[in-house]
Amino acid sequence: MIVRALGAAAAAALLLVPLAGSPYTATLLLPAFGYAIALLGLNLLFGAAGLLSFGHALFVAIGGYTAAALTGRAGIRSLEVLLVAAAAIAAVVAIPVGLLCVRYVKIYFGMLTLAFGMLFYSFLYKFYTLTGGDEGMRVLRPTLLGQPLEHLDKIAFLTGPFYYYALGVLALAALVMRRLVGSPFGLSLQSIRENPVKAESLGIDVRRYRLAAFVVAGIFGAVGGVLLVVPTGLADPLLAYWTQSGNLVFMLVLGGFQHFLGPILGAVVFILLEDSVRSLTAYWRFVFGAMLAAIVMFFPRGLMGLLDRPRAAAS
């Protein structure tokens with residue numbers, strides 16, 4: 001009950017940010033929406049299936065570069081088409097990559113995903129004629145629901161129509177993921193996480209379910225990647241770098257991977273906290289890292305885990 005009330009309050013606050021807050025705050029939240037969608041997929045893989053990917057930024061970069069290629073080279077500006085295309089390409093890539101990765105578990109799975117992520121980063125960085133190399137590729141402003149909105153300047157576009165569009169996509173993604181986690185598919189993943197041998201003895205094809213979770217996580221990562229590059233107007237190789245994957249894992253742990261809303265909270269808090277610390281000191285990386293480390297040490301269940309104590313006391 002408390003979680004639902006806080007979730008409703010947070011949703012209302014996000015809806016009011018462009019109206020009551022500053023344009024800077026609204027634009028600052030835009031990457032949090034993209035990261036949150038990617039984290040919903042990563043949490044299905046880790047929180048439900050028990051597989052921690054250190055290369056999830058691979059799919060974020062696929063989404064970003066799909067948007068860049070379609071808007072800049074193919075002349076396709078519809079954001080709906082960009083999202084569907086990114087999801088489809090991510091699924092195509094995730095199937096062969098997942099077939100190799102899900103054969104392993106624990107650290108071996110994590111290292112394999114990291115290896116594939118770095119391979120893709122190297123491809124983006126080295127093949128200049130295709131990807132623009134270290135300069136990246138431009139992402140042109142897309143249309144929203146068929147509306148070009150060319151009369152709006154960039155700030156008005158981002159803090160108005162695009163903000164609510166991205167928030168709507170996040171809400172839809174959260175709804176879909178909620179249904180997946182509560183479905184027989186999600187419950188099967190949880191049984192695999194707890195005891196894969198017993199799950200297999202009950203007739204669950206462990207590798208097939210893990211592969212399906214990997215593909216779904218990749219799709220969510222690519223959709224988040226599309227929303228990440230629209231505000232900046234650029235897709236660059238750093239989207240696939242290992243530090244990006246590390247940030248995703250940290251956001252997941254920060255919010256609390258054992259709670260459904262943990263990934264969303266982790267993305268928002270990470271972005272806002274980083275911006276606040278960066279504005280205070282030139283040594284922001286040191287301070288920011290120390291703060292995040294303290295949060296993880298003292299709140300190992302993440303920020304959402306703080307709600308467990310009142311409920312446990314009440315029971």
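Just so we're clear, the structure is a prediction, and the values are computed from it rather than from any experiment. All residue numbers in this chain count up from 1 along the given sequence.
- Both Tyr125 and Phe127 are assigned to one and the same hydrophobic cluster, defined by single-linkage of ILVMFWY side chains at heavy-atom distances under 4.5 Å.
- Annotation: side chain of Leu152 is not in contact with side chain of Phe162 (no heavy-atom distance under 4.5 Å).
- Between Met118 and Phe54 there is no side-chain heavy-atom pair separated by less than 4.5 Å.
- Counting heavy-atom neighbours within 6.0 Å of Phe157 CZ, excluding the residue itself, gives a total above 12.
- Remark: Phe123 CZ is packed, more than 12 non-hydrogen atoms of other residues, nucleotides or ligands lying under 6.0 Å away.
- By the 30° and 60° cut-offs, the orientation of the rings of Tyr65 relative to Phe120 is perpendicular.
- In the hydrophobic clustering of ILVMFWY residues, with side-chain heavy atoms under 4.5 Å counting as a link, Phe220 and Val92 come out apart.
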Quick one, Glu80 with Tyr165, criterion side-chain hydrogen bond (donor to acceptor under 3.5 Å, both in side chains). Give me CA distance, side-chain angles, the key distance, then yes/no.
CA-CA 10 Å; Glu80 296 78 41; Tyr165 190 102; 2.7 Å; yes
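- Scanning all heavy atoms of the two residues, the minimum distance from Ile264 to Ala174 falls at CD1-CB, 4.5 Å.
- Residues Tyr121 and Tyr128 do not share a hydrophobic cluster, defined by chaining ILVMFWY side chains whose heavy atoms lie under 4.5 Å apart.
- Taking 4.5 Å as the limit, every side-chain heavy atom of Tyr35 sits out of range of all side-chain heavy atoms of Leu42.
- Between the Arg77 side chain and the Arg141 main chain, a donor and an acceptor come within less than 3.5 Å of each other.
- Hydrophobic clustering, with ILVMFWY side chains joined whenever heavy atoms are under 4.5 angstrom apart, keeps Ile204 apart from Leu187.
- Residues meeting the ring pair (Phe, Tyr, Trp, His ring centres under 6.0 Å) test with Phe214, sequence neighbours left out: Phe59.
- Taking the side chain as every heavy atom from C-beta outward, Leu252 and Phe270 never approach each other to under 4.5 Å.
- Under the 4.5 Å side-chain heavy-atom criterion for grouping Ile, Leu, Val, Met, Phe, Trp and Tyr, Val229 is not connected to Leu234 through any hydrophobic cluster.
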